[in-house]
Amino acid sequence: MEPRGVLPQAAWKLDHSMQIYDNELLIDVEMLNIDAASFRQMREQAGNENGIAEVIMQTIRDRGKQHNRVTGSGGMLIGTVREIGKEYKGDVEVGSKIATLVSLSLTPLKLEQIYSIDLTSCQVHVSGQAILFESGLFAVLPADLPQDFALAILDVAGAPAQTAKLVQAGNTVLIIGAGGKSGLLCLYEAKQRVGVTGNVIALAYDERDYERISRSNLADVILQGDARQTLAILQKVKEVTNGALADLTINCVDAPGTEMSSILCTKENGTVYFFSMATSFTAAALGAEGAGKDVRMLIGNGYTKGHAEIALAAGRKMRAQGIL
């Protein structure tokens with residue numbers, strides 16, 4: 001609706017009248033999984049569950065979608081397929097329980113009520129409706145996992161799947177923000193692939209994250225510190241790598257201001273994968289230029305082929321081991 005002619009993610013406002021076209025799905029929504037950067041911002045702004053609920057409802061009233069006006073990010077949802085457009089070509093039936101694998105920042109959404117908000121998992125129990133375009137990816141929820149757990153895994157499915165593609169045997173891999181769900185899943189995939197000659201370094205923000213990573217046995221080295229304190233983190237990484245730094249750095253932090261720690265802790269011609277939606281790509285590009293650092297920087301694309309299956313497989317194993 002505003003501005004006219006742009007695609008849904010870039011639009012300020014979508015039509016959320018819930019009248020579907022012939023190639024769309026109408027979904028009865030049960031739960032939103034807000035992305036971590038967006039949820040953190042709303043919590044800092046509103047302070048409590050009631051305040052967060054009002055921010056979400058106001059955003060949807062104003063924009064026709066859950067598109068955080070500060071972070072620019074959204075999340076994903078769980079719901080039941082209510083109606084299928086007659087020209088829709090996807091493999092799904094009315095009544096199927098699905099999790100969308102595209103951002104709420106491009107999903108037309110209308111909520112009737114917010115029932116509860118889990119401040120730990122960033123999950124919001126709701127009633128309402130959403131529209132999924134034919135191009136929109138989704139996963140039918142697996143029967144062997146609780147739906148809130150499956151949703152939490154699918155929300156960050158791009159991170160472990162991209163990690164599985166990027167890590168090579170013998171790599172030194174640094175994961176910043178390793179204590180959260182995306183960080184732990186990345187640790188798992190990295191540890192499977194570095195082999196006996198590789199090294200996985202986890203950076204934990206606080207003692208709680210440190211203990212969670214330690215219990216997982218997925219990191220060869222655990223560091224603790226604030227990734228916004230670039231020089232302090234760089235010194236820690238230098239010490240544990242004998243100055244060699246990381247071949248691959250994966251940033252899973254939900255707070256802004258961690259770009260330069262990721263860049264400076266990576267060796268020349270290494271790779272930085274910014275999965276975090278709190279990343280400023282302007283800060284990353286100009287910061288690397290200013291530091292004279294030649295590294296390959298990848299945007300955290302939430303999709304890669306087979307990402308849902310990879311993430312759920314990792315989640316099952318980690319759940320069985322008591323890590324998640």
Side-chain angles (χ1 to χ4, degrees), residues 9-10 35-41 44 67-75 103 105-106 155-168 171-183 185-187 189-190 200-205 209 223 225-238 241 243-304 307:
Q9 202 284 328
D35 78 278
S38 177
F39 195 84
R40 179 190 181 102
Q41 185 279 321
E44 290 174 350
H67 190 171
N68 187 304
R69 64 192 74 205
V70 177
T71 66
S73 52
S103 177
S105 67
L106 57 82
D155 183 43
V156 296
Q162 293 283 6
T163 299
K165 288 172 61 176
L166 292 169
V167 175
Q168 301 293 320
N171 279 170
T172 294
V173 180
L174 169 64
I175 299 177
I176 298 177
K181 61 185 177 183
S182 60
L185 286 161
C186 290
L187 280 177
E189 292 295 341
V200 178
I201 304 168
L203 178 61
Y205 174 65
D209 283 352
L223 305 176
D226 186 338
R228 293 168 292 192
Q229 302 296 317
T230 300
L231 296 180
I233 298 304
L234 175 60
Q235 186 58 38
K236 289 175 184 286
V237 173
K238 280 184 173 180
T241 62
L245 304 179
D247 297 289
L248 169 66
T249 297
I250 300 168
N251 187 319
C252 296
V253 180
D254 63 1
T258 64
E259 295 85 2
M260 289 309 296
S261 290
S262 304
I263 291 165
L264 292 184
C265 290
T266 306
K267 64 178 58 175
E268 289 291 316
N269 300 311
T271 299
V272 182
Y273 175 55
F274 288 108
F275 180 72
S276 169
M277 289 296 102
T279 301
S280 165
F281 296 101
T282 302
L286 298 181
E289 176 185 293
K293 199 67 182 274
D294 185 4
V295 294
R296 181 175 66 143
M297 294 186 284
L298 303 179
I299 295 172
N301 185 352
Y303 171 71
T304 187
H307 69 321

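- For the atom pair CD of Q229 and OG of S261, the computed distance is 8.0 Å after rounding to the nearest 0.5 Å.
- Between T271 and V295, the closest side-chain pair of non-hydrogen atoms is not below 4.5 Å.
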**OP:** Dump the intermediate steps for side chain to side chain contact (heavy atoms under 4.5 Å, CB included) on R228 and M260, then the final yes or no.
**Re:** CA-CA 8 Å; R228 293 168 292 192; M260 289 309 296; over 6 Å; no
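- Heavy-atom minimum distance, S262 versus I176: OG-CD1, 3.5 Å.
- Interatomic distance, CD1 of I299 versus CE of M277, reported as 8.5 Å (0.5 Å rounding).
- Judged purely by distance below 3.5 Å, without hydrogens or angles, the side chains of T71 and S73 pair a donor atom with an acceptor atom.
- Each of D35, D254, N68 was compared with Q41 under the side chain to side chain contact (heavy atoms under 4.5 Å, CB included) criterion, and only N68 meets it.
- With rounding to the nearest 0.5 angstrom, the NZ atom of K238 is 9.0 Å from the CG atom of L231.
- Pairing each heavy atom of A159 with each of S182, the nearest pair is CB-CB, 4.3 Å.
- The local environment of CZ in R69 is crowded, with over 12 non-hydrogen atoms from other residues, nucleotides or ligands closer than 6.0 Å.
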Original post:
Checking side chain to side chain contact (heavy atoms under 4.5 Å, CB included) for the pair L234/L245: CA distance, chi angles, key distance, verdict?
Top reply: CA-CA 9 Å; L234 175 60; L245 304 179; 4.0 Å; yes
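- Among all heavy-atom pairs drawn from T163 and A190, the shortest one is CG2-N, 3.9 Å.
- The closest side-chain heavy-atom distance from Y273 to Q162 is below 4.5 Å.
- C186 contributes atom SG, which lies 5.5 Å from atom CD1 of I175 (distance to the nearest 0.5 angstrom).
- Under the 3.5 Å distance criterion, with hydrogens and angles disregarded, a donor-acceptor pair is assigned to the side chains of T258 and N251.
- Smallest separation of non-hydrogen atoms from L166 and N171: O-OD1, 4.1 Å.
- Side chains of I233 and L223 form no contact here, defined as non-hydrogen atoms less than 4.5 Å apart.
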Original post:
Run the side chain to side chain contact (heavy atoms under 4.5 Å, CB included) check on L187 and V200 step by step: do they pass?
Top reply: CA-CA 7 Å; L187 280 177; V200 178; 3.5 Å; yes
**OP:** May I have the step-by-step check of side chain to side chain contact (heavy atoms under 4.5 Å, CB included) for D247 and K267, ending in yes or no?
**Re:** CA-CA 6 Å; D247 297 289; K267 64 178 58 175; 3.0 Å; yes
Donor-acceptor contacts, no H, no angles, side chain residues 285-294, under 3.5 Å, sequence neighbours left out:
from	atom 1	to	atom 2	distance (Å)
K293	NZ	I263	O	3.3
K293	NZ	L264	O	3.2
K293	NZ	T266	O	2.5

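- The side chain to side chain contact (heavy atoms under 4.5 Å, CB included) test with P160 is passed by exactly one of T304, I250, L185: L185.
- With hydrogens and angles ignored, the 3.5 Å screen pairs no side-chain donor or acceptor of S276 with any backbone N or O of C252.
- H307 pairs by the ring pair (Phe, Tyr, Trp, His ring centres under 6.0 Å) definition with Y303, not counting sequence neighbours.
- Summarising the geometry of A278 relative to E259, their closest heavy-atom pair is O-OE2, 3.9 Å, with the distance given to 0.1 Å.
- Nearest heavy-atom pair, C265 versus L174, reported as atom, atom and distance to 0.1 Å: CB-CD2, 3.6 Å.
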